[in-house]
Amino acid sequence: MTEAPLASRLRPLLSAARGPGAAVAAVRGTERAVLCHGPVGEDTRFETGSLTKTFTALLLAELTARGEVRYGDRVDRYLPFRLPGPPLTLLHLATHTSGLPRLPPGLLGRAVRSGWHSNPYAGFGEDDLLGSLCRTRLRHRPGSRVLYSNFGGGLLGHVLARAAGGTGGDYPALLAERVTGPLGLADTDCDANRSQATGHWHGRPRPALLMPGLAAAGAVRSSARDLLCVLGALLDPGTAPNPALRTALAEVQRPRLSVPRTGSRLCLIWNLRPRPGGALLHHSGGTRGFSAFAGFLPGSGTGLVALTNTAPTPLAPFIQSAYGVLRELDAGPSGKVWTARV
């Protein structure tokens with residue numbers, strides 16, 4: 001059987017994974033392709049690392065569409081204490097302009113004591129997140145610079161859960177209620193106890209990642225099948241099952257600021273690269289055992305997902321290869337669906 005053109009374009013990504021398993025998937029118009037390698041399938045759950053933040057951004061936009069929060073709301077409006085200094089807003093957290101450091105103060109020391117080489121975030125809970133926030137001095141005035149922050153991403157999910165009437169630890173449940181449930185994502189959640197691929201770091205198996213205090217920054221697990229479904233919804237927000245989610249899917253793609261000296265822009269978490277044929281939006285993630293990439297081009301109806309159960313290596317060749325393949329994909333829907341295993 002002759003391999004479909006879209007599947008042929010994805011095949012080099014499987015060798016770039018350099019891990020025991022990989023799943024790559026793409027959409028181009030009405031054409032779909034999913035390729036898997038090793039002991040994984042299109043429904044196998046992978047840790048997605050910082051790709052989690054794109055789900056958190058969608059949750060922020062959904063709550064905003066319902067009028068439950070506003071992008072300009074102060075973060076401490078939903079906290080049990082007031083933050084000193086200039087106002088820190090939800091939009092600052094969602095655009096990495098909060099001034100918060102990459103990691104919360106005290107996390108590294110706690111990780112060394114509790115398992116830096118096994119599960120570095122496991123001993124850092126919701127109380128630790130708030131305690132660290134009280135001790136943090138912002139690196140710059142909110143809104144004045146872009147500084148990537150896992151701390152900010154984790155705090156955003158904590159605050160959204162509180163804004164919806166729960167506690168900071170209710171982020172996974174709120175995500176299921178507002179985003180993954182309505183989109184029909186059966187493989188996607190923050191549950192470390194559900195079956196998932198075994199991650200690898202330097203060739204060694206890793207335990208499932210635990211992130212009780214920073215779940216919204218990196219705890220989501222998902223599959224190639226589910227992530228392709230998310231990209232389909234982003235490419236056509238009108239297919240979402242309710243008005244708030246339709247609005248949110250469009251809102252996360254709207255540029256919010258320009259990144260100095262790069263030509264890039266930031267949306268809600270998503271990175272945007274202008275291209276002659278239209279914008280390319282992308283994000284990646286990595287944990288101690290997994291690498292993940294997702295990107296899409298709304299103008300051509302093209303999207304790509306790449307997952308592997310091995311940790312990123314220096315220069316992230318798997319992520320870079322995925323980005324390159326996405327750029328090369330041409331619009332040319334054939335209406336075919338192709339699934340293959342190698």
Side-chain angles (χ1 to χ4, degrees), residues 48-61 71-79 83-111 120-121 124 128-160 168 171 211 213-220 252-274 281-287 292-295 312 314-316 319-320 323:
T48 68
S50 287
L51 202 57
T52 297
K53 297 182 183 70
T54 64
F55 285 92
T56 305
L58 193 53
L59 186 58
L60 166 62
Y71 294 121
D73 282 351
R74 292 178 60 116
V75 169
D76 55 14
R77 176 178 179 177
Y78 306 105
L79 295 176
L83 294 175
L88 175 61
T89 70
L90 301 182
L91 185 61
H92 291 144
L93 296 180
T95 54
H96 295 296
T97 57
S98 66
L100 291 170
R102 188 177 187 91
L103 293 173
L107 184 147
L108 291 180
R110 185 181 294 269
Y121 298 96
F124 191 86
D128 300 306
L129 177 71
L130 295 182
S132 294
L133 184 60
C134 291
R135 300 193 303 271
T136 298
R137 291 188 61 182
L138 298 182
R139 300 295 194 263
H140 57 76
R141 184 179 181 85
S144 64
R145 288 178 54 196
V146 176
L147 180 65
Y148 191 90
S149 177
N150 287 317
F151 190 2
L155 179 61
L156 178 58
H158 179 101
V159 168
L160 293 177
Y171 166 83
M211 296 187 74
L214 293 171
V220 165
V252 296
Q253 304 179 46
R254 186 162 66 84
R256 308 287 169 162
L257 57 88
S258 296
V259 181
R261 298 182 296 279
T262 67
S264 299
R265 298 178 181 178
L266 275 177
C267 304
L268 294 182
I269 296 296
W270 288 97
N271 302 296
L272 185 151
R273 298 283 179 89
L281 292 91
H282 67 98
H283 209 284
S284 61
T287 69
F293 172 87
L315 303 181
I319 300 298
Q320 293 300 322
Y323 180 80

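Side chains included, hydrogens not; waters and symmetry mates left out as well; all remaining heavy atoms used. On a predicted model such as this, the values are computed, not experimentally measured, just so you know.
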Is there side-chain contact between [X] and [Y], with heavy atoms separated by less than 4.5 Å?
X    : Y    : value
L100 : L138 : yes
R102 : Y148 : yes
L266 : N271 : yes
V159 : D76  : no
V146 : T95  : no
T136 : P104 : no
Y71  : L60  : yes
L83  : L133 : yes

Review point. What residues form a side chain to side chain donor-acceptor pair (under 3.5 Å) with R256, not counting sequence neighbours?
Key: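 Result, side chain to side chain donor-acceptor pair (under 3.5 Å) vs R256: E251.
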
Can you tell me how far [atom2] of [Y] sits from [atom1] of [X], rounded to the nearest 0.5 angstrom?
X    : Y    : atom1 : atom2 : answer
T48  : K53  : OG1   : NZ    : 9.0 Å
C267 : H283 : SG    : NE2   : 11.0 Å
L268 : L58  : CG    : CG    : 9.5 Å
L51  : T56  : CG    : OG1   : 10.0 Å
Y171 : L160 : OH    : CG    : 8.5 Å
I269 : L156 : CD1   : CG    : 7.0 Å

Of the non-hydrogen atoms in [X] and [Y], which two are nearest, and what is the gap between them?
X    : Y    : result
G168 : H158 : CA-ND1, 3.3 Å
L93  : S98  : CD2-CB, 3.8 Å
A219 : M211 : N-SD, 4.0 Å
L107 : Y121 : CD1-CD2, 3.7 Å
A216 : G157 : CB-CA, 3.4 Å
N150 : S50  : OD1-OG, 3.6 Å

Quick one: does any side-chain atom of [X] pair with a main-chain N or O of [Y] as donor and acceptor, under 3.5 Å?
X    : Y    : result
R145 : H140 : no
S149 : P101 : yes
S132 : P105 : yes
H92  : T97  : no

**Study point:** Criterion side chain to side chain contact (heavy atoms under 4.5 Å, CB included) on W270 and Q253, from CA distance to verdict
**Key:** CA-CA 7 Å; W270 288 97; Q253 304 179 46; 5.9 Å; no

Exercise for review: Mark yes when over 12 heavy atoms from residues, nucleotides or ligands other than R137 sit less than 6.0 Å from its CZ; otherwise mark no.
Suggested key: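 Open: at most 12 neighbouring heavy atoms sit under 6.0 Å from CZ of R137.
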
Point to revise | Test item: side-chain donor near acceptor, S284 and Y323, under 3.5 Å | key: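 There is no such pair between these side chains.
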
